[in-house]
Visitor: 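Questions regarding the structure given below will be posed in turn.
Keep in mind the model is a prediction, meaning the values are calculated, not measured. Reckoned from all heavy atoms, side chains included, excluding hydrogens, waters and symmetry mates. Protein chains get the first letters and strands the later ones, always in sequence-line order, with residue 1 at the start of each.
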Amino acid sequence: MRICTFNVNSIRSRLEIVQNLLRDFDIDILCMQEIKVDNENFPLIDREYQCVIHGQKRLHGVATCSKYPIDKYQKGFDGELNEPRFIYTLINGTHIINIYAPLGDNYGDRFEYKIYFYDKLFEYLKKFDLNKDKILICGDFNISHTELDVWDEEIWQGEVTHLPEEKAILSKFLDIGFIDVIREKYKNEKVFTFYDYRGAAVYKNEGLRLDYILVSKPLYEKFKDVEILTSIRRKRKPTPSDHVPIIADFDI
DNA sequence: ATGGCCCCATTTTGGGGA
(Lines give C-alpha, C1' and ligand atoms only; values in the text may rest on other atoms or scores of the structure.)
Protein backbone atom coordinates (compact mmCIF):
# COMPACT_ATOMS: atom_id res chain seq x y z
CA MET A 1 0.00 0.00 0.00
CA ARG A 2 1.46 3.28 -1.11
CA ILE A 3 0.02 6.41 0.47
CA CYS A 4 0.87 10.01 -0.33
CA THR A 5 0.14 13.20 1.59
CA PHE A 6 0.30 16.49 -0.27
CA ASN A 7 -0.77 20.02 0.59
CA VAL A 8 -1.63 21.03 -2.97
CA ASN A 9 -2.36 24.74 -2.40
CA SER A 10 -5.40 24.65 -4.71
CA ILE A 11 -6.32 21.43 -6.51
CA ARG A 12 -7.46 23.32 -9.59
CA SER A 13 -4.04 24.98 -9.94
CA ARG A 14 -2.23 21.71 -9.23
CA LEU A 15 -4.34 19.26 -11.23
CA GLU A 16 -1.64 18.39 -13.77
CA ILE A 17 0.99 17.93 -11.04
CA VAL A 18 -1.35 15.70 -9.03
CA GLN A 19 -2.27 13.59 -12.06
CA ASN A 20 1.41 13.12 -12.94
CA LEU A 21 2.19 12.27 -9.32
CA LEU A 22 -0.47 9.56 -9.19
CA ARG A 23 0.73 8.04 -12.45
CA ASP A 24 4.51 8.39 -12.06
CA PHE A 25 4.58 7.07 -8.50
CA ASP A 26 1.69 4.60 -8.69
CA ILE A 27 -0.04 6.03 -5.61
CA ASP A 28 -2.83 3.94 -4.02
CA ILE A 29 -4.14 6.57 -1.61
CA LEU A 30 -3.69 10.33 -1.86
CA CYS A 31 -4.51 12.66 1.04
CA MET A 32 -4.67 16.27 -0.08
CA GLN A 33 -4.88 19.45 1.93
CA GLU A 34 -5.75 23.04 0.98
CA ILE A 35 -7.83 22.02 -2.00
CA LYS A 36 -9.33 25.56 -1.93
CA VAL A 37 -12.53 24.63 -3.68
CA ASP A 38 -16.07 23.62 -2.78
CA ASN A 39 -17.16 20.00 -3.27
CA GLU A 40 -19.18 20.78 -6.40
CA ASN A 41 -16.21 22.26 -8.26
CA PHE A 42 -13.61 19.65 -7.26
CA PRO A 43 -12.13 18.45 -10.57
CA LEU A 44 -12.08 14.87 -11.82
CA ILE A 45 -8.62 13.61 -10.90
CA ASP A 46 -8.71 10.11 -12.38
CA ARG A 47 -11.50 7.63 -12.96
CA GLU A 48 -9.54 4.94 -11.12
CA TYR A 49 -9.77 6.84 -7.83
CA GLN A 50 -12.72 7.29 -5.51
CA CYS A 51 -12.57 10.60 -3.60
CA VAL A 52 -14.02 11.83 -0.33
CA ILE A 53 -14.08 15.62 -0.65
CA HIS A 54 -14.54 18.03 2.23
CA GLY A 55 -14.05 21.50 0.84
CA GLN A 56 -15.36 25.01 0.82
CA LYS A 57 -14.99 28.01 -1.42
CA ARG A 58 -11.63 29.80 -1.46
CA LEU A 59 -9.82 28.48 1.64
CA HIS A 60 -8.79 25.28 3.39
CA GLY A 61 -10.38 21.95 2.46
CA VAL A 62 -9.17 18.34 2.38
CA ALA A 63 -9.75 15.35 0.10
CA THR A 64 -8.82 11.68 0.32
CA CYS A 65 -8.67 9.72 -2.95
CA SER A 66 -8.14 5.97 -3.19
CA LYS A 67 -7.74 3.18 -5.71
CA TYR A 68 -8.92 0.78 -3.05
CA PRO A 69 -12.55 0.85 -1.91
CA ILE A 70 -13.27 3.37 0.84
CA ASP A 71 -15.17 1.29 3.38
CA LYS A 72 -16.12 4.12 5.77
CA TYR A 73 -15.64 7.83 5.91
CA GLN A 74 -16.38 10.85 8.06
CA LYS A 75 -15.97 14.49 7.13
CA GLY A 76 -15.15 16.68 10.11
CA PHE A 77 -14.97 15.76 13.78
CA ASP A 78 -17.85 14.77 16.00
CA GLY A 79 -19.26 18.13 17.02
CA GLU A 80 -18.35 21.60 15.92
CA LEU A 81 -15.51 22.70 13.69
CA ASN A 82 -16.55 25.32 11.18
CA GLU A 83 -13.62 24.94 8.76
CA PRO A 84 -13.11 21.78 6.60
CA ARG A 85 -9.86 20.32 7.92
CA PHE A 86 -10.46 16.65 8.70
CA ILE A 87 -11.43 13.48 6.86
CA TYR A 88 -11.48 10.01 8.34
CA THR A 89 -11.49 7.02 5.98
CA LEU A 90 -11.26 3.28 6.49
CA ILE A 91 -9.30 1.81 3.59
CA ASN A 92 -7.67 -1.60 3.33
CA GLY A 93 -8.20 -2.22 7.05
CA THR A 94 -6.35 0.99 7.90
CA HIS A 95 -7.85 3.99 9.67
CA ILE A 96 -6.61 6.99 7.70
CA ILE A 97 -6.96 10.48 9.12
CA ASN A 98 -6.20 13.34 6.77
CA ILE A 99 -5.73 16.72 8.46
CA TYR A 100 -5.03 20.31 7.58
CA ALA A 101 -4.33 22.01 10.88
CA PRO A 102 -4.92 25.75 11.23
CA LEU A 103 -1.73 27.80 10.97
CA GLY A 104 -2.67 29.92 13.97
CA ASP A 105 -0.78 33.02 14.98
CA ASN A 106 1.46 34.15 17.83
CA TYR A 107 -1.02 33.73 20.70
CA GLY A 108 -4.03 35.43 19.11
CA ASP A 109 -7.51 34.10 18.32
CA ARG A 110 -6.25 31.84 15.56
CA PHE A 111 -3.79 30.26 17.97
CA GLU A 112 -6.69 29.40 20.27
CA TYR A 113 -8.45 27.85 17.28
CA LYS A 114 -5.37 25.77 16.49
CA ILE A 115 -5.23 24.44 20.06
CA TYR A 116 -8.97 23.73 19.87
CA PHE A 117 -8.48 21.81 16.60
CA TYR A 118 -5.89 19.53 18.18
CA ASP A 119 -8.03 19.09 21.33
CA LYS A 120 -10.82 17.82 19.08
CA LEU A 121 -8.41 15.54 17.22
CA PHE A 122 -7.08 13.94 20.43
CA GLU A 123 -10.67 13.49 21.62
CA TYR A 124 -11.49 11.74 18.32
CA LEU A 125 -8.51 9.42 18.65
CA LYS A 126 -9.86 8.02 21.94
CA LYS A 127 -12.14 5.73 19.95
CA PHE A 128 -9.14 3.71 18.71
CA ASP A 129 -6.91 1.19 20.41
CA LEU A 130 -3.39 2.20 19.43
CA ASN A 131 -2.01 -1.18 20.43
CA LYS A 132 -4.33 -3.06 18.08
CA ASP A 133 -5.60 -0.74 15.35
CA LYS A 134 -3.69 0.22 12.22
CA ILE A 135 -3.99 4.02 12.27
CA LEU A 136 -2.33 6.63 10.08
CA ILE A 137 -2.60 10.38 10.58
CA CYS A 138 -1.15 12.44 7.80
CA GLY A 139 -1.27 15.93 6.45
CA ASP A 140 -0.21 19.47 7.10
CA PHE A 141 0.13 19.76 10.88
CA ASN A 142 1.49 23.33 10.70
CA ILE A 143 3.89 22.41 13.50
CA SER A 144 7.69 22.33 13.26
CA HIS A 145 8.48 19.98 16.11
CA THR A 146 12.21 20.27 16.88
CA GLU A 147 15.25 22.20 15.74
CA LEU A 148 15.61 19.57 13.00
CA ASP A 149 12.29 20.73 11.54
CA VAL A 150 13.29 24.38 10.97
CA TRP A 151 16.04 25.70 8.73
CA ASP A 152 17.14 28.28 11.30
CA GLU A 153 16.35 27.71 14.96
CA GLU A 154 17.18 31.28 15.98
CA ILE A 155 14.83 32.80 13.42
CA TRP A 156 11.99 30.41 14.26
CA GLN A 157 12.31 30.71 18.02
CA GLY A 158 9.05 32.21 19.29
CA GLU A 159 7.32 32.04 15.89
CA VAL A 160 4.09 30.26 15.07
CA THR A 161 4.55 26.59 14.08
CA HIS A 162 7.53 26.45 16.48
CA LEU A 163 5.95 27.73 19.72
CA PRO A 164 6.37 25.62 22.88
CA GLU A 165 2.67 24.70 22.97
CA GLU A 166 2.86 23.45 19.39
CA LYS A 167 5.99 21.39 20.00
CA ALA A 168 4.17 19.87 22.99
CA ILE A 169 1.23 18.88 20.78
CA LEU A 170 3.50 16.96 18.42
CA SER A 171 5.26 15.34 21.38
CA LYS A 172 1.87 14.28 22.73
CA PHE A 173 1.19 12.22 19.59
CA LEU A 174 4.48 10.41 20.16
CA ASP A 175 3.79 10.00 23.89
CA ILE A 176 0.49 8.23 23.24
CA GLY A 177 2.20 5.82 20.85
CA PHE A 178 2.31 7.29 17.35
CA ILE A 179 5.51 7.03 15.32
CA ASP A 180 6.72 9.87 13.08
CA VAL A 181 7.97 7.83 10.12
CA ILE A 182 9.90 10.71 8.52
CA ARG A 183 11.82 11.31 11.73
CA GLU A 184 12.39 7.58 12.15
CA LYS A 185 14.10 7.52 8.77
CA TYR A 186 15.99 10.82 9.13
CA LYS A 187 16.90 10.54 12.80
CA ASN A 188 19.34 13.39 12.99
CA GLU A 189 18.96 15.23 9.73
CA LYS A 190 17.11 18.39 8.76
CA VAL A 191 14.46 17.47 6.19
CA PHE A 192 11.77 19.88 5.06
CA THR A 193 8.32 19.60 3.50
CA PHE A 194 7.51 23.29 3.03
CA TYR A 195 9.36 26.13 1.36
CA ASP A 196 7.88 29.63 1.30
CA TYR A 197 7.27 30.98 -2.20
CA ARG A 198 8.95 34.20 -1.12
CA GLY A 199 12.66 34.73 -0.94
CA ALA A 200 13.63 31.85 -3.24
CA ALA A 201 13.48 29.70 -0.10
CA VAL A 202 13.55 26.38 -1.94
CA TYR A 203 16.79 27.27 -3.73
CA LYS A 204 18.46 28.18 -0.45
CA ASN A 205 17.05 25.16 1.39
CA GLU A 206 15.27 27.49 3.81
CA GLY A 207 12.44 25.14 4.65
CA LEU A 208 10.24 23.84 7.43
CA ARG A 209 8.86 20.40 8.08
CA LEU A 210 5.17 21.01 8.60
CA ASP A 211 3.85 17.73 7.15
CA TYR A 212 3.83 14.41 8.96
CA ILE A 213 2.87 10.79 8.58
CA LEU A 214 2.20 9.37 12.03
CA VAL A 215 1.37 5.70 12.43
CA SER A 216 0.30 3.41 15.25
CA LYS A 217 2.60 0.54 16.20
CA PRO A 218 0.58 -2.20 14.43
CA LEU A 219 0.91 -0.22 11.19
CA TYR A 220 4.57 0.60 11.83
CA GLU A 221 5.24 -3.14 11.81
CA LYS A 222 4.22 -3.04 8.13
CA PHE A 223 6.16 0.15 7.34
CA LYS A 224 8.73 -0.10 4.55
CA ASP A 225 9.91 3.36 3.49
CA VAL A 226 9.09 7.04 3.25
CA GLU A 227 10.19 9.53 0.62
CA ILE A 228 9.97 13.33 0.47
CA LEU A 229 9.60 14.36 -3.17
CA THR A 230 11.55 17.62 -3.01
CA SER A 231 12.31 17.55 -6.75
CA ILE A 232 8.62 18.28 -7.45
CA ARG A 233 8.86 21.45 -5.34
CA ARG A 234 11.98 22.61 -7.15
CA LYS A 235 10.47 22.61 -10.63
CA ARG A 236 9.37 26.00 -11.88
CA LYS A 237 6.79 24.97 -14.48
CA PRO A 238 4.05 24.18 -13.91
CA THR A 239 4.10 26.17 -10.68
CA PRO A 240 4.45 23.74 -7.76
CA SER A 241 2.70 23.87 -4.41
CA ASP A 242 4.70 25.47 -1.61
CA HIS A 243 4.50 22.06 0.15
CA VAL A 244 6.24 18.84 -0.93
CA PRO A 245 4.44 15.52 -1.53
CA ILE A 246 5.45 12.70 0.82
CA ILE A 247 5.07 9.02 -0.02
CA ALA A 248 5.05 6.14 2.46
CA ASP A 249 5.03 2.42 1.64
CA PHE A 250 3.52 -0.32 3.76
CA ASP A 251 3.68 -4.06 3.31
CA ILE A 252 -0.08 -4.52 3.19
C1' DA B 1 19.82 30.74 -16.30
C1' DT B 2 22.06 30.78 -9.67
C1' DG B 3 16.28 32.37 -8.79
C1' DG B 4 13.37 37.17 -4.43
C1' DC B 5 5.26 34.69 -3.94
C1' DC B 6 0.98 32.67 -5.17
C1' DC B 7 -3.86 31.55 -4.53
C1' DC B 8 -8.76 32.98 -4.58
C1' DA B 9 -12.56 36.12 -5.17
C1' DT B 10 -17.80 40.01 -3.08
C1' DT B 11 -11.53 39.70 -9.21
C1' DT B 12 -7.89 44.36 -11.74
C1' DT B 13 -6.98 45.29 -5.41
C1' DG B 14 -6.96 42.93 -1.11
C1' DG B 15 -6.83 39.18 2.28
C1' DG B 16 -4.72 34.90 3.68
C1' DG B 17 -1.12 31.70 3.80
C1' DA B 18 3.44 30.21 6.99
Visitor: Could you tell me the separation between the CG atom of A/Asp140 and the P atom of B/dG16, rounded to a whole number of Å?
Guide: 18 Å
Visitor: Of the residues in residues 147-155 of chain A, which ones touch DNA chain B at a heavy-atom distance under 4.0 Å?
Guide: none
Visitor: For B/dG16 and B/dT10, measure between their P atoms and round to the nearest Å.
Guide: 14 Å
Visitor: How close or far is atom P of B/dA18 from atom CD of A/Glu206, stated in whole angstroms?
Guide: 18 Å
Visitor: With a 4.0 Å cut-off on heavy atoms, is A/Asp105 in touch with a base, just the backbone sugar-phosphate, or nothing at all?
Guide: nothing
Visitor: Nearest heavy atom decides the nucleotide; on that basis, is A/His243 or A/Arg236 closer to the 5' end of DNA chain B?
Guide: A/Arg236
Visitor: Hey, is A/Glu184 close enough to A/Lys187 for a salt bridge, meaning N to O under 4.0 Å?
Guide: yes
Visitor: Would you mind listing every side-chain hydrogen bond (donor to acceptor under 3.5 Å, both in side chains) that reaches into residues 88-98 of chain A, with sequence neighbours excluded?
Guide: A/Gln33-A/Asn98, A/Thr64-A/Asn98, A/Tyr88-A/His95
Visitor: In whole angstrom, give me the gap between the C1' atoms of B/dG4 and B/dA9.
Guide: 26 Å
Visitor: Please list, chain by chain and in numerical order, all residues satisfying side-chain hydrogen bond (donor to acceptor under 3.5 Å, both in side chains) with A/Asn205, sequence neighbours excluded.
Guide: A/Tyr195
Visitor: Mind pulling the stems DNA chain B is in, i.e. runs of at least three Watson-Crick or G-U pairs, everything under 3.5 Å?
Guide: B:5-9 with B:13-17
Visitor: With sequence neighbours left out, which residue pairs that include part of residues 8-29 of chain A fulfil the salt bridge (charged side-chain N to carboxylate O under 4.0 Å, His left out) condition?
Guide: A/Asp26-A/Lys67
Visitor: Taking NZ from A/Lys237 and P from B/dC5, how many angstroms apart are they, rounded to a whole number?
Guide: 13 Å
Visitor: Using atom types as modelled, flag every donor-acceptor pair under 3.5 Å from a side chain in residues 42-51 of chain A to any protein atom, sequence neighbours excluded.
Guide:
from: A/Asp46; atom 1: OD1; to: A/Glu48; atom 2: N; distance (Å): 2.8
from: A/Tyr49; atom 1: OH; to: A/Ile27; atom 2: O; distance (Å): 2.6
from: A/Gln50; atom 1: OE1; to: A/Ile70; atom 2: N; distance (Å): 3.4

Visitor: Just the rounded figure in Å: distance from P of B/dC6 to CD of A/Glu34.
Guide: 15 Å
Visitor: Kindly state each residue pair satisfying salt bridge (charged side-chain N to carboxylate O under 4.0 Å, His left out) with at least one member in residues 100-119 of chain A, sequence neighbours excluded.
Guide: A/Glu83-A/Arg110, A/Lys114-A/Glu166
Visitor: Are A/Lys172 and A/Phe122 in a cation-pi setup, meaning NZ or CZ lies under 6.0 angstrom from the ring centre and within 45 degrees of the ring axis?
Guide: yes
Visitor: Apply disulfide (SG to SG under 2.5 Å) to A/Cys4 and list each qualifying residue two or more places apart in sequence or on a separate chain.
Guide: none
Visitor: Give me the distance, rounded to whole Å, that separates B/dT2 from B/dC8 when you measure between the C1' atoms they each carry.
Guide: 31 Å
Visitor: Assign A/His162 to base, sugar-phosphate, or nothing according to its heavy-atom contacts below 4.0 angstrom with the strands shown.
Guide: nothing
Visitor: Using 4.0 Å as the upper bound for N to carboxylate O, is an ion pair formed by A/Lys217 and A/Asp133?
Guide: no
Visitor: Indicate, with a heavy-atom threshold strictly under 4.0 Å, whether A/Glu159 touches base, sugar-phosphate, or nothing.
Guide: nothing
Visitor: How long is the line joining CZ of A/Phe192 and C1' of B/dA18, in whole Å?
Guide: 14 Å
Visitor: Remember a base hit wins even if backbone is also touched, and classify A/Asn142 as base, sugar-phosphate or nothing at under 4.0 Å, heavy atoms.
Guide: sugar-phosphate
Visitor: Would you please name every residue forming a side-chain contact (heavy atoms from CB on, under 4.5 Å) with A/Arg234, sequence neighbours left out?
Guide: A/Val202, A/Tyr203, A/Thr230
Visitor: Quickly work out the A/Arg234 CZ to B/dT2 P distance and round it to whole Å.
Guide: 14 Å
Visitor: Rounded to whole angstroms, how far apart are CG on A/Leu210 and C1' on B/dG17?
Guide: 11 Å
Visitor: If you compare every side-chain N and O of A/Tyr100 against the phosphate oxygens of B/dA18 (OP1, OP2), does one of them come in below 4.0 Å?
Guide: yes
Visitor: What string of B, S and - do you get for nucleotides 7-12 of chain B, 5' to 3', if B is base contact, S is sugar-phosphate-only contact and - is no contact with any protein heavy atom under 4.0 Å?
Guide: SSSS--
Visitor: In chain order, what residues pass the side-chain hydrogen bond (donor to acceptor under 3.5 Å, both in side chains) check against A/Asp249, with sequence neighbours excluded?
Guide: A/Arg2
Visitor: Given the P atoms of B/dG14 and B/dA18, what is the spacing between them in whole Å?
Guide: 22 Å
Visitor: Rounded off to whole Å, could you give me the CZ-to-P distance for the A/Arg198 and B/dG16 pair?
Guide: 14 Å
Visitor: Can you list the residues that meet the side-chain hydrogen bond (donor to acceptor under 3.5 Å, both in side chains) rule with A/Lys36, with sequence neighbours excluded?
Guide: A/Asn9
Visitor: Using a distance-only test with no angle check, is there a side-chain donor-acceptor pair under 3.5 angstrom linking A/Glu153 and A/His162?
Guide: yes
